[in-house]
Structures are given as structure tokens and as C-alpha cells.
Amino acid sequence: MKKYPLPPFNEETALQKVQMAEDAWNSQDPVTVSMAYTENTEWRNRTSFLNGRKEVQNFLADKWKNELHYKLKKELWGFRNNRIAVRFEYEFQNKNGQWFRAYGNENWEFDEDGLMQKRFASINDLEIKESDRKL
């Protein structure tokens, strides 16, 4: 399976990959999101270390059960060969009604078929009032 565009990336194709990732994550569909990753993808997400699509699917299903009204925005930060760096922010509400904005950075590495084989994310949360939402 190939996931276009393929590396090596230029500015246009890197921007396409970032937009595709944003759209997929905003779908909040763990299977759709996971199909952009290799079967044996390696993740670090905050303090979670995941290996493989099935772990990613389970992680995302749990995430979106707890992060309600999720909305994400990604921005290309840099690219080189088969790697892309992004900054992002997203907003969500927890089950107690508290709103949050999360800020972070991700480093992505792709295989020759355009599937993400490594994803390393650093994320910080900030409690916000509903009136402070931007997304």
C-alpha cells in the first residue's frame, strides 16, 4: 500500500501530508487515522509508547472517548527527505465539562511507501474557559 505523496518531500508535498494528517485526526476515526502508519509503526505520545497499528487504533479510540468535541490544527514546521516536523494545537472538553487546549510538536518519519513509521509527540495541556476557544 502506498500513501501519496511519497518522500522525499518538497514544500508542497510536505504541506499536503500535514493537511492530510489534520483532516484524518479531525475525523476522530481510529481506523482511518491508523491507515497512514506502517503496520509496525513506532509512537511516543506524551508518556505512552505504542507499537503497531492495532495499538494506535486502541489508543485513539480511548483518546476520543475522553477528549470530547476534539478539534485539531497542524502547521508544517520543517521537512527534509523522509521527515516532517509539525507544531499543533487542539481543543477538547473532558467528561467533567472542562475545556483544554493542547500544544505540541511532532516529528514524523516515513517509509518509501509514504506511510509513517515513526511519530514522536510532545504535548502540553492548558485549561481554558469555553469562551477562550479558538478552534
Side-chain angles (χ1 to χ4, degrees):
M1 180 173 97
K2 292 193 184 293
K3 187 77 170 172
Y4 293 92
L6 305 177
F9 299 113
N10 59 37
E11 185 173 10
E12 179 184 356
T13 58
L15 285 166
Q16 287 174 349
K17 278 290 196 195
V18 171
Q19 188 61 59
M20 291 167 63
E22 179 183 306
D23 293 344
W25 279 69
N26 279 326
S27 78
Q28 297 177 46
D29 181 342
V31 174
T32 296
V33 173
S34 73
M35 295 311 292
Y37 301 90
T38 60
E39 284 286 338
N40 62 348
T41 191
E42 178 184 338
W43 277 31
R44 181 184 54 77
N45 194 91
R46 299 177 194 258
T47 59
S48 296
F49 295 83
L50 310 172
N51 291 289
R53 270 191 202 147
K54 191 62 179 168
E55 285 188 22
V56 166
Q57 289 172 6
N58 292 338
F59 173 85
L60 293 173
D62 287 342
K63 172 185 180 67
W64 290 317
K65 283 181 192 169
N66 296 305
E67 294 181 3
L68 310 173
H69 312 291
Y70 178 92
K71 178 70 175 164
L72 166 73
K73 181 65 182 152
K74 291 186 182 282
E75 177 187 2
L76 176 64
W77 200 251
F79 62 92
R80 182 183 54 164
N81 299 323
N82 69 330
R83 294 182 174 173
I84 295 176
V86 299
R87 68 156 296 282
F88 64 88
E89 60 185 301
Y90 66 88
E91 293 173 349
F92 67 93
Q93 187 178 36
N94 69 15
K95 291 182 177 183
N96 296 326
Q98 176 61 55
W99 283 93
F100 293 87
R101 184 174 305 117
Y103 296 96
N105 301 293
E106 293 175 327
N107 296 312
W108 301 342
E109 182 180 273
F110 295 86
D111 71 4
E112 64 279 354
D113 293 324
L115 295 170
M116 197 182 302
Q117 57 193 7
K118 294 185 181 180
R119 175 186 174 267
F120 303 115
S122 297
I123 307 166
N124 299 299
D125 294 328
L126 174 68
E127 286 188 12
I128 62 172
K129 296 180 217 167
E130 185 172 8
S131 61
D132 292 334
R133 292 180 58 211
K134 298 189 306 185
L135 302 178

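For clarity, every value in this text was computed on a predicted model and none was experimentally measured.
- Here the OH atom belonging to Tyr4 is positioned 10.0 Å from the NZ atom belonging to Lys17, to the nearest 0.5 angstrom.
- Using a 4.5 Å heavy-atom threshold, the side chains of Asn66 and Lys95 count as touching.
- Atom CG in Asn94 sits 4.5 Å away from atom CZ in Phe100 (nearest 0.5 Å).
- When the side chains of ILVMFWY residues are joined at heavy-atom separations under 4.5 Å, either directly or via intervening members, Ile123 and Phe92 end up in a single hydrophobic cluster.
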* Using the side-chain contact (heavy atoms from CB on, under 4.5 Å) rule, take Glu22 and Phe88 through it: C-alpha gap first, then chi angles, then the decisive distance, then the call. => CA-CA 9 Å; Glu22 179 183 306; Phe88 64 88; over 6 Å; no

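- Between Tyr37 and Trp43, the distance from one ring center to the other falls under 6.0 angstrom.
- Following chains of ILVMFWY side-chain contacts shorter than 4.5 Å, one cannot reach Met116 starting from Met20, and the two form parts of different hydrophobic clusters.
- At distances below 3.5 Å, at least one donor-acceptor pair connects side-chain atoms of Glu91 with backbone N or O atoms of Lys134.
- Inter-residue side-chain proximity for Pro8 and Arg80 is flagged as unmet; no heavy-atom pair is nearer than 4.5 Å.
- Comment: Arg87 engages Glu89 in a salt bridge, judged by a side-chain N to carboxylate O separation of less than 4.0 angstrom.
- In this model, a donor atom of one side chain and an acceptor atom of the other lie less than 3.5 Å apart for Arg119 and Asn45.
- Judged purely by distance below 3.5 Å, without hydrogens or angles, the side chains of Thr38 and Gln117 never pair a donor atom with an acceptor atom.
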* Give the C-alpha distance, both sets of side-chain angles, the deciding distance and a yes or no for side-chain contact (heavy atoms from CB on, under 4.5 Å) between Lys3 and Asp113. => CA-CA 6 Å; Lys3 187 77 170 172; Asp113 293 324; over 6 Å; no

* To do: Report the C-alpha separation of Phe120 and Glu42 in whole Å, then their side-chain angles, then the decisive distance to 0.1 Å, and conclude whether the side-chain contact (heavy atoms from CB on, under 4.5 Å) test is met.
  => CA-CA 8 Å; Phe120 303 115; Glu42 178 184 338; 3.9 Å; yes

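- Distance alone, capped at 3.5 Å, places no donor-acceptor pair between the Glu67 side chain and the Lys63 backbone.
- Placement of Phe79 and Leu6 in two distinct hydrophobic clusters is found when ILVMFWY residues are connected by side-chain heavy-atom separations under 4.5 Å, directly or transitively.
- A 6.0 Å sphere centred on NZ of Lys71 holds no more than 12 heavy atoms belonging to other residues, nucleotides or ligands.
- With rounding to the nearest 0.5 angstrom, the CD atom of Glu130 is 10.5 Å from the CD atom of Gln98.
- From Asn40, atom CG reaches atom NZ of Lys118 across 10.0 Å, with rounding to the nearest 0.5 Å.
- Interatomic distance, Asn124 CG to Tyr103 OH, rounded to the nearest 0.5 Å: 10.5 Å.
- Within the 4.5 Å cutoff, no side-chain heavy atoms of Arg83 are placed close to those of Phe9.
- Rounded to the nearest 0.5 angstrom, Lys65 NZ and Gln28 CD are separated by 13.0 Å.
- Sorted by first and then second residue, the salt bridge (charged side-chain N to carboxylate O under 4.0 Å, His left out) pairs with a member in residues 29-40 read Glu39-Arg53; sequence neighbours excluded.
- For Tyr70, the ring-ring contact (aromatic ring centres under 6.0 Å, His included) partners are Trp64, Tyr90, not counting sequence neighbours.
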